[in-house]
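Predicted model only: the values in this text are computed from it and were never measured. Just so we're on the same page: letters track the sequence lines, and every chain starts at 1. Side chains are part of it too, since the values below use all heavy atoms of this structure and drop only hydrogens, waters and symmetry mates.
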Amino acid sequence: MIPDRMAYHQLVWEIVREIPPGKVSTYGRIAGLLAPIHGMSEQAYSARGARMVGGAMAACPSNVPWHRVINAQGKVSLRKSDGGVEQRTRLEDEGVEFDEKDRVDLKRYLWQGPPDKWLIEHGLKD
DNA sequence: TCCTTGACTCAGA
DNA sequence: CTCTGAGCCAAGG
């Protein structure tokens with residue numbers, strides 16, 4: 001078992017749980033809230049972080065609103081097999097609108113992130 | 001151990 | 001706006 005990865009995943013889930021209904025965030029933004037862990041270099045993490053968050057989403061428990069996490073282009077991105085229908089439906093139920101290109105307007109729906117207080121309480125910031 | 005994948009992103013064309 | 005290719009590297013076969 002690899003405790004490091006589990007810890008990272010749990011941290012990601014805690015952040016995702018803070019995203020309010022009707023708002024979305026991106027893999028990259030979430031990765032950016034976390035410090036480079038596993039001894040990865042800042043540069044490596046900036047390029048790999050988003051995918052690591054994606055990996056955390058793939059293994060997230062049911063109490064995490066994974067559907068509020070989309071990619072930097074404002075689109076839902078899922079595994080090859082799934083068309084992302086469920087994710088889109090869930091977001092629309094919360095009032096998030098998609099344009100004719102299946103994209104979300106990040107200027108309107110992007111979650112600005114947890115307040116500093118929250119980050120400090122969770123040891124993600126000094 | 002080598003090879004393929006991957007819920008990503010950014011810069012170019 | 002859409003499509004490519006490169007960058008990065010952990011996991012699983």
Side-chain angles (χ1 to χ4, degrees):
Chain A
M1 158 170 201
I2 304 130
D4 230 22
R5 194 170 51 158
M6 250 313 259
Y8 181 78
H9 282 182
Q10 297 214 347
L11 221 38
V12 170
W13 299 336
E14 284 194 56
I15 290 175
V16 174
R17 271 197 284 263
E18 292 301 308
I19 304 175
K23 286 289 181 182
V24 301
S25 192
T26 69
Y27 301 100
R29 269 185 84 84
I30 291 172
L33 292 173
L34 274 37
I37 60 171
H38 308 41
M40 286 176 75
S41 69
E42 183 85 36
Q43 180 178 25
Y45 183 70
S46 70
R48 189 96 258 281
R51 293 184 109 134
M52 291 179 66
V53 170
M57 289 299 96
C60 79
S62 59
N63 62 338
V64 174
W66 54 272
H67 58 284
R68 299 191 189 125
V69 183
I70 59 181
N71 63 36
Q73 302 164 6
K75 298 200 243 179
V76 300
S77 72
L78 285 184
R79 304 165 156 175
K80 299 173 176 176
S81 49
D82 194 316
V85 181
E86 184 184 356
Q87 182 166 19
R88 173 170 176 153
T89 300
R90 288 201 188 200
L91 287 175
E92 291 181 320
D93 284 347
E94 296 182 347
V96 175
E97 297 170 24
F98 285 75
D99 63 21
E100 61 287 341
K101 267 82 176 186
D102 299 318
R103 254 183 328 177
V104 169
D105 181 357
L106 291 179
K107 291 198 186 309
R108 278 179 60 191
Y109 301 106
L110 182 63
W111 177 52
Q112 294 307 307
D116 283 353
K117 182 173 181 236
W118 189 93
L119 292 174
I120 293 171
E121 288 173 353
H122 290 257
L124 298 177
K125 189 177 170 124
D126 295 320

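Atoms CE (M52(A)) and P (dA10(C)) sit 8 Å apart, rounded to a whole Å. Between the P atom of dA7(B) and the CH2 atom of W66(A) lies a distance of 13 Å, rounded to the nearest Å. Taking atom CD of Q73(A) as the reference point, atom P of dA11(B) lies 12 Å away to the nearest angstrom. Rounding to whole angstrom units, CD of residue Q43(A) and P of dC8(B) are separated by 20 Å. Separating the CZ atom of R5(A) from the P atom of dA10(C) is a distance of 11 Å, rounded to the nearest angstrom. Taking atom CE of residue M40(A) and atom P of nucleotide dA11(C), one finds them 10 Å apart after rounding to whole Å. With rounding to whole Å, Y45(A) atom OH is found 14 Å from dT9(B) atom C1'. The OH atom of Y27(A) sits 18 Å away from the C1' atom of dC8(C) (whole-angstrom rounding).
Looking only at side-chain heavy atoms (C-beta outward), P65(A) and V16(A) come within less than 4.5 Å of each other. When side chains are defined from C-beta on, K75(A) does not count as touching I70(A), because their heavy atoms never get closer than 4.5 Å. In this structure the side chain of E86(A) never reaches within 4.5 angstrom of the side chain of H67(A), judged on heavy atoms.
We find that R90(A) and E94(A) are not joined by a salt bridge, their nearest charged nitrogen and carboxylate oxygen being 4.0 Å or further apart.
At a cut-off of 3.5 Å, with distance as the only test, a side-chain donor of H122(A) or E14(A) sits close to an acceptor on the other residue.
At the heavy-atom level, A47(A) lies under 4.0 Å from base atoms of the strands shown.
The nucleotide whose nearest atom lies closest to any side-chain atom of A72(A) is, among dG7(C), dC10(B), dC9(C), dC10(B). Relative to the side chain of M57(A), the nucleotides dA7(B), dC1(C), dC9(C) differ in distance, and dA7(B) lies closest. With dT2(C), dT9(B), dA7(B) as the choices, the nucleotide that has an atom nearest any side-chain atom of A58(A) turns out to be dA7(B). Of the candidates dT9(B), dC1(C), dC8(C), the closest approach to any side-chain atom of N71(A) belongs to dT9(B). Between dA10(C), dC1(C), dT9(B), one nucleotide has an atom nearer to the side chain of R103(A) than all others, and that is dC1(C). Taking only side-chain atoms of R51(A), from C-beta outward, the nucleotide of dT9(B), dA10(C), dG6(B) with the closest atom is dG6(B).
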